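Proteins get letters first, then strands, A, B, ... in listed order; numbering begins at 1 in each. Please read these numbers as outputs of a predicted model, since none were measured by experiment.
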Amino acid sequence: MPLDVNYAPGGSDEEEEDDEDILNDNRPGPSSRGGKGGSGAGGAAKPNGKGKDPGRHAWEAEYKASWDVVQEDESGSLESAVESLLARGRRKRALMSETPVRRSIIRHLFIILDLSESMNDKDYRPTRFEVILGYLRTYVVEWFDQNPLGQIGIIILRDRLSEVLVPMGGNPQEILSVLSDKRRLEPSGEPSLQNGLVMAKGGMSHLPSTSSLEVLIVFSAISTADPDGSTTIHTVLNDLVTSRIRTNIIALAGEIKICRQISERTGGKFGVALDQDHLKDLLWETIPPPATTVSSSAPTTMNVRSALAAGGKAGGGKAPVGDLMVMGFPIRLPLGGETLCACHGLLKKGGYLCPRCGSKLCDVPTDCEVCGLMVVSSPHLARSFWFLFPVANYGVLGVEDVMSVASSETCFGCDVEFPDVSTIDAGVAQVEDGVSPTGRYRCAKCRSDFCADCDLYIHDTLHTCPGCAQ
Amino acid sequence: MVQPSFSHPKKDAPATTSSSPTAALDTFLDNQHQSYFEELYKSEAVCLCILRLLPPVCRQIILHYLWAHGTIRTTDVKQFLQKDIQAPLAEVDEVVRPALNRKILHPMVHKKNKMQWPLNDTFKRGLRNALTGLGTSNSFGVPYDRDPNDEVPTEEELIAYGEDTFELLHDSGLMTDPADPSGRSPNLVRLTITSKGFQFLLEDRQTQLWEILMYYLTAKEANSERSAETLSMFFSLGCMQLGQDYSASQSFPHAQNALNDLAQYGFIYKPSEESDQFFPTHLATALCSGDASATQSQTADEKRFLILETNYKIYAYTSNELEIAILNLFVDIRIRYPNLVVGKLDRKNVKAAMEKGISAYQIIAYLSSHAHPQMYSSPPPLLHPTIVDQLHLWDKERNRLKTEETVMFEFFSKELYDDTESEARANAALQLAVPGQKLLFIEPQTKPAITEFVKERQNLLRSGL
Amino acid sequence: MTTAQPTAAEAVYPTTTPPSVLLVIVDIHPLSWSLLASPPPAPPFPVNHAIDLAGASPMTLPDFVTILMVFLNAHLASRWGNEVVVYGATAGRAKLLYPPPPSAVAGPSKPRPNSYRPFQLLDSRIEEGLREMISEEEDRLQSGDTAKLNEPSAMVSALTKALCFINRIVPPSNNTSDITNPNEPLAPGGSGPDRPETRILVINATPGAHVSASSDGQTNGDADGNASAQPTQGNQQRGGYVGLMNCVFAAQKAKVPIDVLSLPPPTIDASPPIFLQQAAHLTEGVYWQWNGRGGLLQYLHAVYLPPASLRHRPFAVPPQDAVGFRAACFCHHKTLDIGFVCSVCLSIFCEPRPVCLMCKTRFPIKSLPTLKTLAANIQSIPIPDTVPPPIIPKGVTPNGPNSVDGTRKGRGAGKTGGGGGGGRGEPIEID
Amino acid sequence: MSSAYGDTYNVKVTSGVLVTCDSAAKQILLHLDSMREGPYKFIIRDFNDDTHVLVKREYVEDIKELLQNELEKNTYIQDPNL
C-alpha cells in the first residue's frame, strides 16, 4: 500500500492522531518511534517543548525559537535540561513494546555504496566519502557484533556501473580491509541504482529465501543513470518485492521519490540524513535485526543454511515457520601442543574441536569440514538472547510511593545513597516525563529500587536485573 | 647546514629533574649503608612506604615472594617474568636493582648451584606485620585519647593551616629584596628570587616537600644516629589519616623536637605549643602518595593563568604575589589590574634572568605548565615556536665564547708533528690540531709528558740523521 | 598467544600503573564450605615430590577469610589509589559488604597504633558484614523459608551489582566518540593516565554445578500464549546461563577482566564450573582451580595480585585451560555439546521439539524424524587435557596414562547424562 | 721557516687560552684586537681555522665583556614605550 506522503514535514497522515504539534521532532524519515506497523501505542500526549537535540543547526528548527528548548532552572544549572534529555531516552524505551518481538537472526545484507561524483561534496567535513567510509567501518564491526551469524557483501555504484567489491561473507576483517584501501574506492561518474539492485538480487539468488535478505543503499547523488531497455527500475522493484528482499535507503542529498517507493514497498526504511549525527543515527538504526510481527506484510523467512540440516522447504503457512538446526558447541583447545587443523591442513596452536567428529577447526563459526555440522561457540548465540528476555522497564516512584512503603535508602544495583525524600520540595515533586523526583526506579518483579544511572545501564548494556537474577 | 629548530631540543638537552617526586629521598637513601636500613625497617610504616615507592614490577616480585619461605631464586624470577632460562643474569638483576638499592634483598649469593637473593629478614618481618597488623612498634601513630567534647579542627581547617604556613615558608625563605634586607616591606617590583629558588618553585608540590624534609634531615641530624629515627617519623606521618589526632609522646618518643620543627613548616598542627596532641595536615598524609594532586591545595586550573601571544605579550590572570614575583623575573610587567598582570617578554629582562642562572628550559617549562586552558584550544605545540626559539637564542647569545686553558706546540717538521699528534691523541691530551700550520694544542696538565716525548723524538730523529 | 620476549636488554617495563579497583565476590554458600572443610584425601602425585608431600588441607570459611584479608591488604598496600570492593554471595542472595552502607550499625572503631588505618577499616568491616550475612542465613533457616536455600549462590546477581558499581565509579569513556573529528584537543588535566582500571575476582566454592544454571530447573513446557507472561523458567534462565552471558558481554564492553578462583579441588569437583571458565576466557581474566593442597595465600599473590596492566607483559599468567564452549539448553538447563537451535530466536534445546519454546515458531514436521535419528547417535567427545603431561623423570612409574596434576576421572557424560554435565574423559591419544 | 736552533726539529711552545667561537664572533674579536695597539693586543696567534683563536690569559674576562657590548650595540631595541 504505497503511501503518498507529501514532503511537508509533519504532514504525513500516519501521525494524525497526535495533537497537531509543529514542534514534533519531525525529521523526514522514520519517526523515532519505531518502524512501520511498529510497536508501541500511539504517541502519548506529547508535552510540547520536547527537548530537541542541541546539536541541530538553528535554521533546522521550525519557527519556534530554540533558546527556550534548553532552559536553566532557578538554580541556574542545566541539570534539568540534561535530565529531560535522559528522560526522553527513557520514555522512548518505555514506548518500545515489552513483548519479545520475534526478530530473525540469520541475516544477509548487501551494502550498496554510491561512489558517484557527488561523494566528493564538502558539506560533511572533510568530504562525504571520508565520513561515510569511517562510519561504515564502525558499522560493519557493530553489525557483526549484534548479528554474529549474519553475512555482509559490498557493491559499489560508479561510472553508471555496479561492481561487487566484496562477495557475501561472514568475516568482518576481510570487509574492513577492503573498506580501508581508498585507492580502489575513488568516487567518479554517476550511480546506477537499477544495476546495483539487480546485482544485489543476483548476489542473493543462491540463498534460499528462508533467511532475512536485506539491502542497505547509501545514496548521495540526486539522479540515477539506469540502462534503457525492457527492464525498468519498476520491474526490478517488483522482483525485489517477490523475493522478499528488504531495502533500507539512506540518502545524503535529498528525498527521491523512487527511493522512498523502493524502501516502503519492500518493507524497509527510507531516511535523508540532515547532519552527521543524524546520518549516524539512521545507520545505527538498521543494525538491530528488523522487527517482524507475526502478521507483518513481509513475512520473515527461515533459513536452513547447512545442507545437512535442510528440513522441508519453508511451507507458506500463516505462522512463519522457523527451523530447528543442529549446532555443535566446540571445545577450545589449550595453547599447549600444536596439531593439524582440518580446515587448512596446517600445524596450529589452539583451535576448536568439533563436538561430533573431534576434528580441529581454526575459527568459529564455520561448518565442520569433516562432518558438516554447523559449529558455533555458545557466546555467539548468547549475544542475541538479551531481546528474548528483555528486562521490564522500571516503574517511577513518586514522593508519596516512597513515603508509603518502606523502601531501602541505597540503590540495589550500585549501592549509592538515594536523596533523602523529605528534602525534595513539593514544586518538583510531580512525576513528569518519566523522571522520578526521588531518583528511585522500582522493578516490578523483584520490587528492588534502582537509581537513574543503574536503570539506564541495566536497560542499555546489562539486560539483566540484579534483583530478579539470583 | 640546517639550523636545528630549538623547539625540540637535541638529545643532550639537560633532562629536567627526574620525574619521580621523591628524587631527593632516593638520592639520600641510595648512599646509606646496610645498618641504616636495619634501623629503618624496624618500623612497619617505613616498610609499607618503601614498598610503595618501588617501581611496579619490582614491587610485585617482592610481594610475590613475601610469604614464600625459600629465598628468591633467579630461575624463579625469570620464569615469573616469562624470560627464557638462558637470559643473561644482568637483565634479571636490573629488574630487581631498586630492591637491592634499598637493601630489601641481600646481594646475589651462590648456593646449591642456584643463584639467589635472600630476602632481608627485618624488612620481611616488618612488611608481614604491616599487612597483618601484628607489629609492636606503634609506627602508625598512637591515637590521642581526648575527651570527646573537645572541638576538633575539621579537615578543611587543617588543609588551610598547612597551606598558609607552607606559603609563608615560600615567601620568606626563598625570596630576598636586595633593598630591604629586613624583609619587612618587600617592594614588589624589586622582589627577586634566587636562582636556586626559581628552580625549586618550578617543581611540583611533592618534590618540594621532600626536598625540604631531606634538607632538614641532612642539616639537623647529619651526624647523630637519630636521623634514622626522624626519617621513619616522616614515613609514619605519611601513613597517618587526615583529621585524626595522635599523641606525640607515644607515637614518636625519640623525635620530639623534630616533630615541633615540622609544626612550623605546616606538616602538623598542634593546638598549643607544648600539648601532646597533634594533627597531621594534608601535606604530611600525602607524602608518599606518589600523585602530586593530593598535596596540591590549589586546584589544577588555579595554577593555569598564563596566556602567551606570538607578539611576546603575556597576560597573567592572577593576583598571587608569589606568581607575580616569579613573572617579574623575566617579564617586563607593564600594567597591573586587580586580577590581571600584562607584560612583555623582552630581551633585557630575559637576559637579566639568565644572568641569575635561570635557563631557557626552565622558563619554557614554567610558561607551559602554567598555560591557560585557552592556549590548549590552538593546535599544538602549546607555546608558539618563534617564542621558544627566541628564548633559546637569547640563552645561546650569552655564551658565544668557550674558553679553555691550553699550551700551543708549533712544529716545523711534518714527521715530528705527526708522531706527537698521534701520541697526544693516544692519551687524550689533544685539544685541537691544525695540520696546515703544524700546530698542536695540548691540555696544560699533560704538558710535561708531551714535552718529554717531543724531546726524546727529537734526539732520535737528530741522531738518526 | 606467544609469550612476548622483551628483546632489549632493559626491557621497557611500565614505570607507573594506574590506580586499580579490585572487586571481590566471595561465595559463602554454607553447603559448599561444609564440603571444603572436609576434603577427601589427595591422590598421590609422584611427579613432583614437594606437591605430593602436601596432603589435602581442609579449608574452612574463617581461615579462608583471614587469608583473603591479607591478600586484600597486599592489594591496598601496593599503590596509593588502589581500592577494594567486596560482595558476599550466598544461596539466592548477594550483598555488598565493603565499603559499608552509610547506615552501617557499628561506626569505624578507634584506630589501632599497629595497623594501617585503611587495612583496619577493610578487615573489620568484612568480618562484620560476613557475620551479618551468616546470621541472616541462620534465621532464614529457623523461619523455615528454605525455598531458596538449595539454590546455587547468587553469582549472577553479585556480578550485575559489581558491574553497576563499576559503571558508577568509572563512567564509560564514550568510546563511540565521533570518529570524524578524532583530533579534538585533549582537555588539560584530562585524567587519561590515572583513570582507574578495574577487575573482578570471583571466588567460587560451589563444586560441580555449572554455576547457577543447573538448579532444579523445573521444566514447564507450557507454550502458553503469546509470551506476555514471562515463562517462569525465564527468570530462572535470566539468572542462570543467559544472565551470566549478559554480564560477560557487559564486562567485555567495559574492558573489565573477570578472574575466577575455583576453590573445590579436583577431588571434590571433577568438572570445573564451565560458565565461569567461559566468563574468564571471554573477558581475558584468569581461571584457576586450586589443587586443594594448601598454599592458598601464595597462590593468590602469585596469580591474582598483578593488575591487568602487568599481566602477560611482563608477568606470567597460568596457562589457558581447554575451555568447553558449551551451552545450557533452555528446557532442562543441561550443558550440552550438540544442541538444536531454533533459527528464529537461537534458543537452544537438547532434543528436537515440534514448537520453539521461546518464539512459538512451528518447525517443519518432516524434519523431525531425521533430526531425532541424528540426535540418537551423538557421542560427546571428552575434553583433552590442558597442558601436555610433564616429562616424567626416569625411575618414577606413572600410574596410568592420565596421571597429571590431580587425576581427571569420570567418563564423558553421554548425551543422556543427567545433571552435572559432561565430565572430563581420557585425553585424546594423539600419537 | 727555520727555527732559531737551526734545524727543522725544533718546537716552539707558548701557553695561553684557546677560544672557540662561531666565525662571526671571531671576526668581531679580530676587529676589536686591531683597534688596540702594542701591549693591549690580546690575540697571541691567529691561524686560518675560523672558529679558534689563541689569546692572552689575562685578557679573557675583558674579551667577554667587549664582545657582549659589541653585540649590544647592533641589537634592535624596540622603543620601550610601545
Side-chain angles (χ1 to χ4, degrees), chain B residues 3 311-313 332 334 344-349 351 355 393-394 396-417 419-420 431-444 447-448 450-451 453-455 457-465, chain D residues 1-29 32 42-72 74-82:
Chain B
Q3 189 55 302
N311 58 8
Y312 293 84
K313 275 244 169 72
D332 166 12
R334 311 301 291 277
K344 242 164 78 58
L345 258 181
D346 73 353
R347 188 170 175 286
K348 189 163 61 57
N349 291 64
K351 291 294 289 284
E355 291 311 319
L393 283 179
W394 281 334
K396 288 271 182 299
E397 219 175 56
R398 278 180 45 257
N399 37 35
R400 292 281 287 269
L401 300 181
K402 182 156 80 64
T403 56
E404 50 194 338
E405 282 294 322
T406 183
V407 171
M408 185 174 77
F409 282 71
E410 192 174 5
F411 293 85
F412 301 101
S413 103
K414 191 79 182 86
E415 197 186 349
L416 182 59
Y417 168 78
D419 297 350
T420 321
Q431 286 172 338
L432 180 70
V434 185
Q437 299 170 341
K438 296 197 280 295
L439 290 175
L440 282 181
F441 292 87
I442 305 292
E443 302 283 350
K447 177 167 178 266
I450 298 294
T451 39
F453 170 80
V454 166
K455 283 202 180 57
R457 290 298 293 164
Q458 276 170 340
N459 308 342
L460 191 70
L461 284 171
R462 284 196 185 106
S463 60
L465 201 51
Chain D
M1 176 181 104
S2 76
S3 74
Y5 189 59
D7 67 353
T8 62
Y9 294 119
N10 195 346
V11 171
K12 189 155 165 287
V13 177
T14 45
S15 66
V17 166
L18 177 67
V19 170
T20 326
C21 58
D22 50 282
S23 48
K26 178 168 181 191
Q27 292 313 320
I28 296 176
L29 287 184
L32 287 175
F42 48 80
I43 291 186
I44 304 173
R45 177 70 181 274
D46 172 23
F47 35 91
N48 61 8
D49 162 346
D50 57 12
T51 58
H52 296 85
V53 75
L54 190 67
V55 294
K56 293 188 178 108
R57 188 172 296 108
E58 59 279 9
Y59 280 108
V60 168
E61 286 318 318
D62 307 351
I63 293 174
K64 283 190 179 166
E65 198 54 40
L66 283 170
L67 184 66
Q68 289 305 337
N69 301 343
E70 194 62 26
L71 290 174
E72 289 299 319
N74 48 28
T75 311
Y76 167 67
I77 306 286
Q78 219 177 15
D79 71 37
N81 43 36
L82 183 64

> Within a strict 4.5 Å, meaning less than it, do heavy atoms of the B:Met408 and D:Ile44 side chains meet?
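Contact flag for B:Met408/D:Ile44 side chains = no.
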> D:Thr51: what forms a side-chain hydrogen bond (donor to acceptor under 3.5 Å, both in side chains) with it, not counting sequence neighbours?
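So D:Thr51 forms a side-chain hydrogen bond (donor to acceptor under 3.5 Å, both in side chains) with D:Asp49.
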> When only heavy atoms count and the cut-off is under 4.5 Å, which of residues 16-26 of chain D reach chain B?
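Within residues 16-26 of chain D, the residues that come under 4.5 Å of chain B (heavy atoms only) are D:Gly16, D:Val17, D:Leu18, D:Val19, D:Thr20, D:Cys21, D:Asp22, D:Ala24, D:Ala25.
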> Between D:Val55, D:Ile63, D:Leu29, D:Leu54, which residue shows the highest count of heavy-atom pairs closer than 4.5 Å to chain B?
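The answer is D:Leu54.
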> If I measure from the heavy atoms of chain B, does D:Val13 come under 4.5 Å with its side chain, its backbone, both, or neither?
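For D:Val13, the contact with chain B is made by backbone and side chain together.
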> If you take all heavy atoms of B:Gln437 and D:Phe47, which pair is closest and at what distance?
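So the two residues come closest at OE1-CB, 2.7 Å.
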> Let's test your reading of the structure: which of B:Tyr417, B:Phe411, B:Phe441 forms the most heavy-atom pairs below 4.5 Å with chain D?
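Result: the option with the highest number of such pairs is B:Phe441.
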> Holding to side-chain hydrogen bond (donor to acceptor under 3.5 Å, both in side chains), I want the full list of residues that pass it with B:Gln431, two or more places apart in sequence or in another chain.
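Residues passing side-chain hydrogen bond (donor to acceptor under 3.5 Å, both in side chains) with B:Gln431: B:Thr406, B:Glu443.
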> Going by heavy atoms in the side chains, are B:Val434 and D:His52 under 4.5 Å from each other?
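A side-chain contact under 4.5 Å is absent here.
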> Under the side-chain hydrogen bond (donor to acceptor under 3.5 Å, both in side chains) test, which residues partner B:Asn349, sequence neighbours left out?
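Result, side-chain hydrogen bond (donor to acceptor under 3.5 Å, both in side chains) vs B:Asn349: none returned.
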> Could you look at B:Lys455 and say if it's the side chain, the backbone, both or neither that has a heavy atom under 4.5 Å from chain D?
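No part of it gets close to chain D.
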> By a 4.5 Å heavy-atom criterion (distance strictly below it), what part of B:Lys414 contacts chain D: side chain, backbone, both, or neither?
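Contact with chain D is absent: no heavy atom of B:Lys414 under 4.5 Å.
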> Checking heavy atoms, do the side chain of B:Leu439, its backbone, both or neither come under 4.5 Å from chain D?
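The answer is the side chain of B:Leu439.
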> Please look at B:Leu440 and chain D and tell me whether the side chain, the backbone, both or neither of the residue comes under 4.5 angstrom of a heavy atom of that chain.
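Neither part, no heavy atoms under 4.5 Å.
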> Side chain, backbone, both or neither: which part of B:Leu401 has an atom under 4.5 Å from a heavy atom of chain D?
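Both backbone and side chain of B:Leu401 come within 4.5 Å of chain D.
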> If you count heavy atoms of other groups shown closer than 6.0 angstrom to NZ of B:Lys447, is the number above 12?
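Check fails, neighbour count at 12 or below.
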> Of all heavy-atom pairs between D:Val11 and B:Phe409, which one has the smallest distance, and what is that distance?
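Taking D:Val11 first and B:Phe409 second, the nearest heavy atoms are CG1-CD2, 3.7 Å.
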> Looking at B:Thr420, B:Asp346, B:Val407, B:Leu432, which one has more heavy-atom pairs under 4.5 Å with chain D than the rest?
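Max contact count across the listed options: B:Leu432.
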